[in-house]
Amino acid sequence: MAKSVSPCSFAIRFTGGIMKSLPQNIDLSEGRPAESFFVPLIPDRFGLEAWRADESCYDLRIPHNSWCAITSLRMALLLEDMEAPSQEELFEAACQEGVYRWQEDKGWIGAYHKEFASFLYQHGFVAQFVQGLSPDHVASALARGMYCILRVSPAIRFPDMVAPEKKVGHVVLCFGYYTNENGRYFRIHNCAGFASLNSQIDFAVHESRLSQVFSGDATIFRKRA
């Protein structure tokens, strides 16, 4: 598992920028079965296609439609063998900390990323919300032992090369990458991916595709002492 680090050294190490020489492969799960720390947005991961096809998935008055951030947190907690409350419990606590906020005309708005980084600290991680990142920055953070919750377009679930209009609207957990003759592939758990497209568990996203769907915003974090 990732080594612990103080908040101060965390900030210094990450803001050092891209490492000059990156390893070919990084696996922060250390070979653990990917299914053991995957959490779908809704209980039935095979029902996510039907969930997305229904107009109700856009209704932010329904709490679980906004749960991608806390679901990513729960996956990290499971991976680190830490106490992992349910999504319902995490959501209730996150609302109390301003991670999600109720708007009468819209529903639950969030996750607010800076508040979310503080919320991760309460659950045993040191975290920082960072903007303006490239896939190389993400790889460098992973090589330093840091998980990345990436702010992306929901289109990341599609393994094609069609660029979305917007690069926001969803977040996913990135816990490693590997490199072969075709380039670097980021290892991603997507709580709202499609089982039919194999875009949920340990979904391999090529760096060129990540460039298309990644906003450059990420919550970088690791277990704290």
Criterion side-chain contact (heavy atoms from CB on, under 4.5 Å) on Val126 and Arg222, from CA distance to verdict | CA-CA 6 Å; Val126 57; Arg222 63 189 301 178; 4.0 Å; yes

Once you round to the nearest 0.5 Å, how far does [atom1] of [X] lie from [atom2] of [Y]?
{"X": "Gln128", "Y": "Thr219", "atom1": "CD", "atom2": "OG1", "answer": "10.0 Å"}
{"X": "Leu210", "Y": "Ile188", "atom1": "CG", "atom2": "CD1", "answer": "5.5 Å"}
{"X": "Met161", "Y": "Gln212", "atom1": "CE", "atom2": "CD", "answer": "4.0 Å"}
{"X": "Asp202", "Y": "Phe38", "atom1": "CG", "atom2": "CZ", "answer": "11.0 Å"}
{"X": "Ile220", "Y": "Met146", "atom1": "CD1", "atom2": "CE", "answer": "8.0 Å"}
{"X": "Leu120", "Y": "Ile149", "atom1": "CG", "atom2": "CD1", "answer": "5.5 Å"}

Under 4.5 Å between side-chain heavy atoms, counting indirect links through other Ile/Leu/Val/Met/Phe/Trp/Tyr residues: same cluster for [X] and [Y] or not?
{"X": "Ile42", "Y": "Ile62", "answer": "no"}
{"X": "Met82", "Y": "Leu73", "answer": "yes"}
{"X": "Val168", "Y": "Phe186", "answer": "no"}
{"X": "Ile70", "Y": "Trp102", "answer": "yes"}
{"X": "Phe158", "Y": "Phe214", "answer": "yes"}

Taking all atoms of both residues into account, what is the closest heavy-atom pair of [X] and [Y], and its distance?
{"X": "Cys148", "Y": "Phe221", "result": "N-CE2, 4.3 Å"}
{"X": "Asn25", "Y": "Thr179", "result": "OD1-N, 3.1 Å"}
{"X": "Leu133", "Y": "Ala218", "result": "CD1-CB, 3.8 Å"}
{"X": "Ala155", "Y": "Pro164", "result": "CB-CB, 4.0 Å"}
{"X": "His170", "Y": "Cys191", "result": "CE1-SG, 4.0 Å"}
{"X": "Lys106", "Y": "Leu60", "result": "O-CB, 3.4 Å"}

For the residue pair [X] and [Y], establish whether any side-chain heavy-atom pair is separated by less than 4.5 Å.
{"X": "Leu142", "Y": "Leu28", "value": "yes"}
{"X": "Ile109", "Y": "Ser66", "value": "no"}
{"X": "Val99", "Y": "Tyr112", "value": "no"}
{"X": "Tyr177", "Y": "Val138", "value": "no"}
{"X": "Asp27", "Y": "Arg187", "value": "yes"}
{"X": "Val152", "Y": "Ser215", "value": "no"}

Checking the side chain of [X] only, and the main-chain atoms of [Y] only, is there a donor and an acceptor separated by less than 3.5 Å?
{"X": "Ser56", "Y": "Asp59", "result": "no"}
{"X": "Glu35", "Y": "Ile201", "result": "no"}
{"X": "His206", "Y": "Asn182", "result": "yes"}
{"X": "Arg32", "Y": "Leu79", "result": "yes"}
{"X": "Arg157", "Y": "Ala192", "result": "yes"}
{"X": "Asn190", "Y": "Phe203", "result": "no"}
{"X": "Lys167", "Y": "Ser211", "result": "yes"}
{"X": "Arg74", "Y": "Phe37", "result": "no"}
{"X": "Gln96", "Y": "Ala93", "result": "no"}
{"X": "Glu49", "Y": "Phe194", "result": "no"}

More than 12 heavy atoms of other groups within 6.0 Å of Glu83 CD =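 No, not enclosed.
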
Classify the side-chain pair [X]/[Y] by whether it contains a donor and acceptor separated by less than 3.5 Å.
{"X": "Ser118", "Y": "Glu97", "value": "no"}
{"X": "Ser134", "Y": "Asp136", "value": "no"}
{"X": "Ser140", "Y": "His137", "value": "no"}
{"X": "Trp51", "Y": "Asn65", "value": "yes"}

Give the intermediate values and the outcome of side-chain contact (heavy atoms from CB on, under 4.5 Å) for residues Val213 and Arg209.
-> CA-CA 7 Å; Val213 299; Arg209 176 57 174 167; 3.6 Å; yes

Test ring pair (Phe, Tyr, Trp, His ring centres under 6.0 Å) applied to Trp108 and Tyr100, Phe91, Trp67, the passing residue |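 In the set Tyr100, Phe91, Trp67, the residue that makes a ring pair (Phe, Tyr, Trp, His ring centres under 6.0 Å) with Trp108 is Phe91.
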
Check the pair Leu48 / Leu41 against side-chain contact (heavy atoms from CB on, under 4.5 Å), numbers first and verdict last.
-> CA-CA 8 Å; Leu48 281 161; Leu41 188 65; 4.2 Å; yes

Measure the acute angle between the ring planes of [X] and [Y], then classify it against the limits of 30° and 60° as parallel, tilted or perpendicular.
{"X": "Tyr178", "Y": "Tyr185", "answer": "parallel"}
{"X": "Tyr147", "Y": "Phe125", "answer": "perpendicular"}
{"X": "His189", "Y": "Phe175", "answer": "perpendicular"}

Step by step, work out the side-chain contact (heavy atoms from CB on, under 4.5 Å) result for His123 and Leu90.
-> CA-CA 10 Å; His123 288 273; Leu90 287 170; 3.5 Å; yes

Centroid separation Phe116 to Phe129 less than 6.0 Å |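 No, the ring of Phe116 stays outside the 6.0 Å limit from the ring of Phe129, centre to centre.
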
